[in-house]
Amino acid sequence: MSGPDILFTLRNNFYLGAYQAAIAEAADLERLSEADSIERDCFVYRSYIELGSYEPALNEVSQQSASALKAVKLLAEYQGNKGDKETILSTVQDWAQETSYRSNATVLLVIGLIYAAEDNYVEALRACHTGISLELRALAVQLYLKIDRIQQADEQVKAMSAADDDSTLTQLATAWVNLYLGGAKVEEAFFIFQELGDKYNWTTRLLNGSAVCNMRMGRWEEAEQQLMEAFEKDAKSADTLANLVTTCLHLGKATSRYNT
């Protein structure tokens, strides 16, 4: 019988978009196994990256670090425009062919994220399908929806449900698919965001997800209220600003405050 998942709260905060909470949680995690320590540090550096702070990964990860950490550093270089893009893409291509890297879920995830950012969905999906983890499957769901392959996206969600139906990632992926399908499924997605927000923490990510559901259901005032709450949490969120502009236009309100 396996023991408790000591990294659950850290991981969950990251998936919900509560990056500061993830960093704070990691600070209290000590006496971990080597594998757990590496995973903890990966989520910490990824949280900093999501917050627009690339220096921790760039300054603290070395050539002697674990492969997963070196992958996260490469992600920081790419997203922070801190390295030569061609060199980064060449490294990604090399890693995708190297057996030792292809067996690491975090490396595969970084490969998938960078290829996805380059609109190379074929290689991004190849990385997702090379390894099996909930996060790789969740990325595959997003990519399939982006290229309008709803059947394949739904297959990934079913695989995630079979592996861990209660996982936050599984619930989020289910909501993404339901939003894509539209109709009555939008309300199902709304309830997923509502449940996650009430159970854990109403992050900017969840507020935007719920607001988009309200927008799709024609509940523009409710959407605006949630988006204003998201704006108060993070005034620089691109998703929040875009959704606020759309909502204000529908409500006949000025959008100048949110135009960037």
Side-chain angles (χ1 to χ4, degrees), residues 9-27 43-57 75-76 78-81 113 116-117 135 138-139 141-142 145-146 168-169 171-182 185-260:
T9 302
L10 165 62
R11 204 182 291 116
N12 206 55
N13 279 328
F14 180 86
Y15 296 150
L16 292 168
Y19 303 117
Q20 291 287 7
I23 294 168
E25 169 67 19
F43 276 107
V44 168
Y45 291 133
R46 289 176 63 194
S47 295
Y48 277 118
I49 291 170
E50 291 292 337
L51 292 169
S53 181
Y54 309 104
E55 285 72 20
L75 183 65
Y78 178 80
Q79 294 192 354
N81 296 314
L113 289 170
E135 199 168 5
L139 177 58
V141 171
Q142 292 176 306
L145 292 178
K146 202 159 190 175
T168 292
L169 270 182
Q171 295 303 307
L172 286 172
T174 302
W176 301 334
V177 169
N178 285 341
L179 262 175
Y180 182 96
L181 291 171
K185 290 290 185 181
V186 174
E187 190 165 24
E188 292 182 27
F190 173 79
F191 286 130
I192 290 174
F193 289 121
Q194 195 77 26
E195 182 178 351
L196 289 173
D198 291 343
K199 183 177 182 181
Y200 296 114
N201 177 21
W202 275 103
T203 61
T204 300
R205 174 173 293 175
L206 293 180
L207 286 165
N208 271 276
S210 184
V212 169
C213 293
N214 275 320
M215 292 160 67
R216 293 283 296 276
M217 293 187 288
R219 303 197 297 230
W220 295 98
E221 290 81 5
E222 291 88 340
E224 182 189 29
Q225 183 178 353
Q226 289 184 307
L227 291 169
M228 286 305 302
E229 187 176 345
F231 183 75
E232 290 173 5
K233 289 176 178 288
D234 181 4
K236 296 181 180 180
S237 166
D239 287 340
T240 301
L241 293 171
N243 288 329
L244 271 170
V245 169
T246 301
T247 302
C248 287
L249 287 172
H250 274 271
L251 294 173
K253 296 183 178 182
T255 63
S256 56
R257 182 183 178 187
Y258 312 116
N259 288 322
T260 58

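For this chain, numbers begin at 1 and follow the sequence in order.
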Does [X] reach the side chain of [Y], with side-chain heavy atoms less than 4.5 Å apart?
X: N208; Y: Q226; value: no
X: E222; Y: F190; value: no
X: L145; Y: Q142; value: no
X: L113; Y: Y78; value: no

Distance, nearest 0.5 Å, that separates [atom1] of [X] from [atom2] of [Y]:
X: Y19; Y: T204; atom1: OH; atom2: OG1; result: 9.0 Å
X: E135; Y: R11; atom1: CD; atom2: CZ; result: 9.5 Å
X: L207; Y: S237; atom1: CG; atom2: OG; result: 10.0 Å

Counting distance only, does the side-chain N/O of [X] pair as donor-acceptor with the main-chain N or O of [Y] below 3.5 Å?
X: R205; Y: Y15; result: yes
X: T240; Y: K236; result: no
X: T203; Y: L16; result: yes
X: S210; Y: L206; result: no

Counting only heavy atoms from other residues, nucleotides and ligands, does the tally under 6.0 Å from [atom1] of [X] exceed 12?
X: K233; atom1: NZ; value: yes
X: Y48; atom1: OH; value: no
X: E195; atom1: CD; value: no
X: Q225; atom1: CD; value: no

Discussion item. Less than 3.5 Å apart, any donor N or O on the side chain of N13 or E25 sitting next to an acceptor on the other?
Written reply: no
Worksheet item: How are the rings of H250 and W220 set to each other: parallel, tilted or perpendicular (split at 30° and 60°)?
Response: parallel
